[in-house]
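For reference, the structure discussed in these notes is given below.
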Amino acid sequence: MKITITGSLGNISKPLAKQLIGAGHQVTIISSKADKTAEIEALGATAAIGLVSDAAFLTKAFTGADVVYTMVPPNYGATDYRKYVGDTAKTYAEAIQKAGIKRVVNLSSIGADLDGGTGQISGNHDAEIILNALEGVVVKHLRAGFFYVNFYSNINMVKNLGFIGSNYGSNARLIMVHPEDIATVAAEEIQHPFTGKSVRYITSDERSAGEIATILGTAIGKPDLKWVESTDEQAFNGMRKAGLPEEVSNKFVEMGTAVRSGILWKDYDAKGTKPTGKTKLEDFAKEFGRRF
């Protein structure tokens, strides 16, 4: 098949491209950075350099593809993150229609069933609705859990403060996923037929925040590492001090409140979903230890 994937050489798109190329498919990788061209081509893919905000560029990059994999690249400079995600989805939808694409696999998020109160995830809710409105196009939304790799942003906290934490307590439940497990599921969905507009959850493990602190701490020689709950205000101020923009900091705080209340997992639990990804927290902890 001919497959176009967005996400450049990110944590999901690169291993996804490798799997698809290894299976003999013709893959085009969209990236906003021209300096990624050589690396993309070294994988055996075709590079399409341009912006996901450019409908004409996307239409050209999508044309001729049997399947398109869509994801919205992070943009921490967005002044309205939900609008940014929704606008990107609208541009994808326009290009999908103009290019005559009939099959789409879209990266979404656990919690995307909720219209608000979930921080940046609310944009994924809008994106699902926008793509579901496409007539004659089958769409599979991959609702991914909390990325393990997000814990890398806590490394400075551990080094400088001696603990790990957020605006939810040690008993709070986190449902997590490894990006490579997402790539495996995306490759599976891309290569097999599906119908209609549907959702598939992809998660690798679920633990309490306190368990996460102990397991990550053990991997870095700090088995007594504690998870410390902050107030929403403390979390916001900490992110601002770390250099995150106000809009993004607010969204992360709001997502933390959704974790704290448990509403983020409501639909996941209602469907009786369980982790199926192969990479458990202890496996990721080894990667965390190497990065630390």
Side-chain angles (χ1 to χ4, degrees), residues 1-21 25-37 39-41 43-78 81 83-109 112 120-121 123-124 126-132 134 137-144 147 149 177 179-191 200 202:
M1 293 190 293
K2 293 182 178 180
I3 304 160
T4 298
I5 67 176
T6 58
S8 189
L9 294 173
N11 289 320
I12 300 169
S13 296
K14 185 175 181 178
L16 171 58
K18 286 182 175 180
Q19 290 188 46
L20 295 173
I21 292 165
H25 302 294
Q26 297 179 47
V27 176
T28 296
I29 300 176
I30 291 175
S31 177
S32 63
K33 299 179 179 178
D35 60 5
K36 296 289 186 183
T37 300
E39 188 177 355
I40 290 171
E41 292 177 346
L43 291 177
T46 299
I49 306 301
L51 301 175
V52 295
S53 57
D54 184 343
F57 159 73
L58 286 177
T59 300
K60 183 178 179 181
F62 289 173
T63 297
D66 297 298
V67 190
V68 168
Y69 165 77
T70 56
M71 60 85 64
V72 178
N75 179 7
Y76 293 151
Y81 207 90
K83 183 177 185 299
Y84 157 70
V85 176
D87 286 348
T88 304
K90 288 176 183 176
T91 308
Y92 281 150
E94 179 183 344
I96 287 164
Q97 281 189 312
K98 290 182 176 178
I101 299 301
K102 299 301 181 185
R103 295 181 65 225
V104 175
V105 173
N106 174 58
L107 177 65
S108 188
S109 173
Q120 61 268 46
I121 294 172
N124 295 105
D126 299 339
E128 287 192 12
I129 291 173
I130 290 163
L131 294 176
N132 284 347
L134 289 167
V137 182
V138 297
V139 183
K140 176 77 71 171
H141 300 288
L142 303 182
R143 289 185 181 169
F147 285 20
V149 294
V177 69
E180 292 194 5
D181 287 343
I182 301 173
T184 296
V185 169
E188 178 185 322
E189 293 292 350
I190 285 169
Q191 296 177 92
R200 177 175 176 179
I202 170 62

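Nearest heavy atom pair, residue L51 against residue S32, reads CD2-CB, 3.9 Å. Closest heavy-atom contact between P74 and Y81: CA-OH, 3.3 Å. Taking all atoms of both residues into account, the shortest heavy-atom contact from G86 to I130 is O-CD1, 3.4 Å. Closest non-hydrogen pair, N11 versus P15, comes out as O-CG, 3.2 Å. Of all non-hydrogen atoms in V177 and A144, the two that sit nearest each other are CG1-CB, 4.2 Å. Taking all atoms of both residues into account, the shortest heavy-atom contact from I96 to V104 is CD1-CG2, 3.7 Å.
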Check the pair H25, I190 against side chain to side chain contact (heavy atoms under 4.5 Å, CB included), reporting the backbone distance first and the verdict last. CA-CA 11 Å; H25 302 294; I190 285 169; over 6 Å; no
Stepwise side chain to side chain contact (heavy atoms under 4.5 Å, CB included) test for I182 and V185: CA-CA 5 Å; I182 301 173; V185 169; 5.9 Å; no
Please lay out, stage by stage, how Q191 and Q19 fare under the test side chain to side chain contact (heavy atoms under 4.5 Å, CB included). CA-CA 11 Å; Q191 296 177 92; Q19 290 188 46; 5.8 Å; no
Would K18 and L43 count as a side chain to side chain contact (heavy atoms under 4.5 Å, CB included) here? Give the steps. CA-CA 7 Å; K18 286 182 175 180; L43 291 177; 3.8 Å; yes
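Counting heavy atoms from C-beta outward, P73 and Y84 have side chains that approach closer than 4.5 Å.
The distance from the OG1 atom of T70 to the OH atom of Y92 is 6.5 Å, given to the nearest 0.5 Å. Rounded to the nearest 0.5 Å, atoms OG1 (T4) and CD1 (I30) are 6.0 Å apart. Of the inter-residue distances, the one linking I40 atom CD1 with S13 atom OG reads 9.5 Å to the nearest 0.5 angstrom. Here the straight-line distance linking atom CE of M71 with atom CD1 of I5 works out to 10.0 Å at 0.5 Å rounding. Remark: K14 NZ to K36 NZ distance equals 8.0 Å, nearest 0.5 Å. N124 CG to L142 CG: the interatomic distance, rounded to the nearest 0.5 Å, is 11.5 Å.
No hydrogens or angles considered: a donor-acceptor pair under 3.5 Å links the side chains of N132 and H141.
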